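These notes concern the structure reproduced below.
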Amino acid sequence: MLALGKLLELTLTDHEPAEKTQVTTRGVRLRWLGEGALEVRPPEGEDCGLDLLLSAGIHGNETAPIELLERLLHGVANGKIKPRARVLFLFGNPAAIRKGERFIEQDINRLFNGRHELSSGFEALRAAELEQFARVFFSKPERTRLHYDLHTAIRGSKIEQFALYPYKEGRQHSRRELARLAAAGMEAVLLQSKSSITFSAFTYEQLDAEAFTLELGKARPFGQNEEVNLDRLEARLIQLIEDTEPATEQSLDGLKLFSVAREIIKHSDSFRLHLPADIENFSELKKGDLLAEDLAETRWVVEEEGARIIFPNPKVKNGLRAGILIVPDSGQRLA
Ligand SMILES: O=C(O)CCC(=O)N[C@@H](CCC(=O)O)C(=O)O
Ligand SMILES: [Zn+2]
């Protein structure tokens with residue numbers, strides 16, 4: 001296999017390849033752009049017009065999606081996958097991947113959309129670099145832009161695979177994209193209702209890509225991901241790369257939709273979350289329950305009908321999201 005097909009190995013060993021560009025026997029061009037970043041270009045005349053950004057390892061301990069990208073890249077490099085789309089593969093936080101940790105100094109997925117400029121250190125520099133890779137990749141006019149940022153979650157979940165769909169004022173969420181996600185095995189989508197500082201929010205809000213964070217199961221170390229079944233997603237990604245995707249039905253195929261009722265922000269070290277430590281994502285909450293407390297007698301009480309919790313985490317830094325309170329959404333505002 002071409003050396004550049006081994007992007008994960010290069011990244012894990014912190015190795016710069018001798019040859020930065022390689023071409024497969026079928027004329028597919030692989031270009032190493034920097035640490036953990038590789039662009040794939042289809043042969044001349046075979047480009048279908050899709051620019052697909054696939055990122056994983058934004059959190060270094062979320063290995064199933066990293067392994068998935070590695071399989072796709074091996075397929076491209078050994079000729080089994082025949083790209084007709086331009087694809088940018090990104091491993092988000094190489095230093096954290098090498099250590100098998102969520103992050104080194106700070107959560108890189110809270111440093112996009114300008115936040116890295118207000119910060120410093122390794123992750124802030126990397127977030128700026130990732131924005132630049134994405135900006136250059138999505139700079140070609142009149143092409144379709146799609147970004148999937150692949151993650152796994154800290155805890156178990158009542159709904160195993162789901163997507164988070166960013167928000168931008170004046171832009172509607174696309175029913176067609178949701179149908180595509182359902183076909184890729186996603187069981188639910190959370191429609192965001194405000195701007196955010198994650199990687200997918202950056203490409204959605206600033207680069208006009210359709211962009212999603214995909215949550216694909218529980219985070220486990222490399223080689224221990226047999227319980228994370230990515231078959232449907234993998235098949236769909238290969239179809240996107242090869243431009244063989246069947247015409248997507250508009251049916252959302254049982255996809256559950258949620259919207260954000262409230263983000264629970266941890267303001268101080270006094271923050272207390274009144275949920276069991278092993279609570280699963282999408283657990284239902286009872287109206288009237290005290291969810292959390294913080295300084296100055298701040299109390300978070302469940303007021304919404306049908307409320308559920310995702311990503312509860314009292315250990316985040318002060319000022320960051322310590323959980324999301326979500327409610328069912330009828331999908332009436334979809335385009
Ligand atoms: O399990 C958790 O608590 C977090 C899992 C995770 O990393 N989720 C992403 C979601 C990003 C988004 O809101 O689009 C994150 O927290 O960065
Ligand atoms: Zn993550």
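Here the structure is a predicted model, which means the values were calculated and not measured. For ligands, and for the atoms within them, numbers begin at 1 and follow the listed sequence.
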Take Thr213 and Ser200 through the test side-chain hydrogen bond (donor to acceptor under 3.5 Å, both in side chains) and record every step on the way to the result. CA-CA 6 Å; Thr213 302; Ser200 62; 2.8 Å; yes

Starting from the C-alpha separation in whole Å, work towards a yes-or-no answer on salt bridge (Lys or Arg N to Asp or Glu O under 4.0 Å) for Glu305 and Lys287. CA-CA 7 Å; Glu305 206 63 63; Lys287 229 172 145 177; 3.4 Å; yes

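For Arg171 and Tyr204, the positive end sits near the middle of the six-membered ring, less than 6.0 Å away and at most 45° from its axis.
Summarising the local packing, NZ of Lys20 is surrounded by more than 12 heavy atoms from other residues, nucleotides or ligands at distances under 6.0 Å.
Here the side chains of Arg143 and Arg86 are in contact, with some heavy-atom distance below 4.5 Å. Counting heavy atoms from C-beta outward, Leu90 and Leu54 have side chains that stay 4.5 Å or more apart.
Protein contacts to the Zn ion (ligand 2) involving N, O or S atoms at a distance below 2.8 Å are His59 ND1, Glu62 OE1, Glu62 OE2, His151 ND1.
Enumerated by chain and number, the residues approaching ligand 1 to less than 4.0 Å through a heavy atom are His59, Glu62, Arg102, Asn109, Arg110, His151, Ala153, Ile154, Leu164, Gln192, Thr198, Thr213, Glu215, Phe311, Arg321.
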Just distance, no hydrogens or angles: give the donor-acceptor pairs under 3.5 Å from side chains in residues 316-326, sequence neighbours left out.
| residue | atom | partner | partner atom | Å |
| --- | --- | --- | --- | --- |
| Lys317 | NZ | Glu105 | O | 3.4 |
| Asn318 | ND2 | Asp269 | OD1 | 3.2 |

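With sequence neighbours excluded, the residues that form a side chain to side chain donor-acceptor pair (under 3.5 Å) with Asn93 are Glu123.
Relative orientation of the Phe199 and Phe112 rings is parallel, given thresholds of 30° and 60° on the angle between their planes.
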